Every structure is written in structure tokens, then in C-alpha cells.
Amino acid sequence: MPAPADASTLAHLAIDWYDRHARDLPWRSPATTAWGVLVSEVMSQQTPVGRVAPIWLEWMERWPSPADLAAEPVAEAIRAWGRLGYPRRAMRLHACATTLVRDHEGQPPRSVPELLALPGVGAYTARAVAAFAYGQREPVVDTNVRRFVARAAAGRADAGAATTPADLAATVALLPEQPSRAARASAAFMEIGALVCTARAPVCGRCPVAARCRWRASGQALPVGPTRKVQRYAGTDRQVRGLLLAVLRDATGPVTGDQLAPVWSDDVQRDRALTSLLDDGLARQVAPGVYALAGD
DNA sequence: TAGTCGTGGGT
DNA sequence: TACCCAAGACT
């Protein structure tokens, strides 16, 4: 007797695997609010989820709703962000909370266009919230999903440099029709990409879709060209910004230029980095030669 | 659209 | 060691 048509699809195989192997990340609790989902997604942008988990728990304990965060100075958000990296995300999350209170009755909206209009929310995060918080059938396409779909469905070694409409179309084509099940499939694709179908050393022996993977069927050809440009970090303005912001973040109040000087010996580059932090709104000048975290 | 934007762990 | 990579967004 033949199995149901759905039983051998990538989505079905992925969901079945996910139900048995998914990590128990704190925001996957059924009790997590839409706000909690949104916070977890922004924190996870370009940051391994293992490092996000403890910070997310602290944030949700302290600011269980957008109104709770919006009521505090941005500096508190930047401090609580700790060393997650890309601290502008903390600032955007605070701005997002303010927008939610002002325009959306204090809760994340349900539609993708409305979500896209929020600070810090782009193509990935908007659909992640729509799917994981509200159970909608939207293609949630992050780096894991793009790689998994490129390999398993298209037979390519890797996805392109940037997310394209074609990526969304290729992914939505794999989703089950039932919305809640489609959302589960997206979570499963992401998890397989993160744990099994990894960028450098995929563990095909543990992959639930190995038997139906087009990349594997074609001999797992290695990527032809360079995938994504990796940026140098040491010696860049980014590193200097990070060092300066760490001083401001760990200080209880304003600091002087003399206190910032030791973190980087090149005066020109240090000033440039500090100016960019001021321009971004992460820091502010409270007096000539005296600086503080924004909102402090 | 290609560059910018942190930080830490794995290999 | 040096490089790769990580639930992207924004300009």
C-alpha cells in the first residue's frame, strides 16, 4: 500500500526529524509571546542562537512587553544587549518597541508589510514573526534555509550571495498548505541547516532528507566560486567602535576622552569611530570631551 | 548593490 | 595562526 503523497516530501521528512531532534531553545516554548519571538529573531541576526538564549531570557524577564522596553532609556537596552554584537540592533529594538506602542496597540502586527515597516525588521525577521508567532504560511528564508533549499531541492552546493525573490519562491513551493504545518516546516528547515546541512561540513549521514537530496544525488559537487565575501575585522573601524562602546557600556556614567584613549592608539581612527557612534545614536556627547551611552 | 556593522567559537 | 561562519538590516 503506497504511502500518502505527502509522506515523502522534504517538508514531511524535515518536520518528522524536527519533532525528535529540535533544540529546546527558550523562545520555542508555546507560552512565548509575539514580542518574545520578535526579540529572539532580532537578537539572532548574525549571532549564534546559543549565545542569544541567556540574553533573551534576561530581556523577557525585564521587559515582557514592548511597553516595558519603550518606557526605559535606550541606554538600558544597549547595556542589556551585552556582547551580542551589532549593538545598533538593540537601538532598533527599542525604537521598534516605541513604534509598537504608538502605532500597533503595543503588540507586533500580523501582516508581513506592517512587520517590514518596523525598525530592525527585514525580509527574514518579518516572515519569521508571521510564521512562528502567528502561524502563517510565509517563506522564512535565512542563511540556513537558503543553503538547505539550494542543496536539497536545487542540487546546488550553496545559495547565492544575497536573498532573492527566487529564494522565497523556491522555499514557499516546499511548504505544506496548512499554515501551522508550513510554519513548522520552516523551523525544521532552519534547524536542519543549522545542525546537519552546515556550510562547511554537512553531516549527510544524519540528514532526514539525504535519500531525496538532489545535491547528494549529484555527487555533492563542491562550490565553484567564492560564496560570500568575508570581511576582515582586525584593525577596522568596527573593532574600534566595539572597543569604545564597551567602555561606555561598562561605565556607570559619562566618560572623558582620556578614558577612551587607551582602547586605540591611533587618534585619527579612534576619533572617526567615536564620531560614527555619535552619528548612529549609540553614543552622545554630554559636554566637550565627555561622552555617554545614548540616553544615559 | 556592494559595504558597513560586533563578537566569539570552531577548524 | 588565520580564516570561516553565524536565525540580516540598512544605505
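Here is the naming used below: chain letters follow the sequence lines, and residue numbers restart at 1 for every chain. If you're wondering where the values come from, they're calculated on a predicted model, not measured in any experiment.
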Does [X] reach a base, just sugar-phosphate, or nothing at all? Heavy atoms under 4.0 Å.
X         : answer
Val140(A) : nothing
Arg249(A) : sugar-phosphate
Arg147(A) : sugar-phosphate
Ala162(A) : nothing

Starting at [atom1] of [X] and ending at [atom2] of [N], how long is that distance when rounded to a whole Å?
X         : N       : atom1 : atom2 : value
Arg232(A) : dC5(C)  : CZ    : C1'   : 18 Å
Leu118(A) : dC10(C) : CG    : P     : 10 Å
Phe132(A) : dA7(C)  : CZ    : P     : 13 Å
Met190(A) : dC5(C)  : CE    : P     : 18 Å
Leu116(A) : dT11(C) : CG    : P     : 14 Å
Leu282(A) : dA9(C)  : CG    : P     : 18 Å
Tyr233(A) : dC5(B)  : OH    : P     : 10 Å
Leu277(A) : dG6(B)  : CG    : C1'   : 11 Å

Trp27(A): ring-ring contact (aromatic ring centres under 6.0 Å, His included) partners, not counting sequence neighbours: Trp56(A)
Under-4.0 Å salt bridge between Asp158(A) and Arg147(A): no
SB check Arg20(A) Asp16(A) (cutoff 4.0 Å): yes
Does a side-chain heavy-atom distance below 4.5 Å link [X] with [Y]?
X         : Y         : value
Leu25(A)  : Val49(A)  : yes
Val172(A) : Leu175(A) : yes
Leu260(A) : Leu243(A) : no
Thr143(A) : Tyr124(A) : no
His21(A)  : Val196(A) : no

Validation row, ring centre Trp35(A) to ring centre Trp63(A) under 6.0 Å: no
Distance below 4.0 Å between Thr47(A) side-chain N/O and dG6(B) OP1 or OP2: no
Presence of Gln45(A) side-chain N/O under 4.0 Å of dG8(C) phosphate oxygens OP1/OP2: no
Distance-only donor-acceptor test (3.5 Å): side chain Ser44(A), base dG8(C): no
Side chain Arg200(A) and base dC4(C) donor-acceptor under 3.5 Å: yes
Results of side-chain hydrogen bond (donor to acceptor under 3.5 Å, both in side chains) for Asp142(A) - residues two or more places apart only: Asn144(A)
Sticking with atom [atom1], work out how far [N] lies from [M], rounded to a whole angstrom.
N      : M      : atom1 : value
dG8(B) : dA9(C) : P     : 22 Å
dA7(C) : dC5(B) : P     : 22 Å
dT1(B) : dG8(C) : C1'   : 15 Å

Strand-adjacent residues in residues 19-31 of chain A, judged by heavy atoms under 4.0 Å from DNA chain C: Arg23(A), Leu25(A), Trp27(A), Arg28(A)
Strand-adjacent residues in residues 76-95 of chain A, judged by heavy atoms under 4.0 Å from DNA chain C: Arg92(A)
Within residues 235-242 of chain A, residues whose heavy atoms come under 4.0 Å of DNA chain B: Arg238(A), Arg241(A), Gly242(A)
5'-most by nearest nucleotide on DNA chain C - Gly122(A) or Pro48(A): Pro48(A)
Residue met sooner reading DNA chain C from 5', once Thr125(A) and Ala199(A) are mapped to nucleotides: Ala199(A)
CZ (Arg272(A)) with more than 12 external heavy atoms under 6.0 Å: yes
Flag if over 12 foreign heavy atoms under 6.0 Å of CZ, Arg28(A): yes
For Asp19(A), side chain to side chain contact (heavy atoms under 4.5 Å, CB included) partners two or more places apart: Ile15(A), Arg184(A)
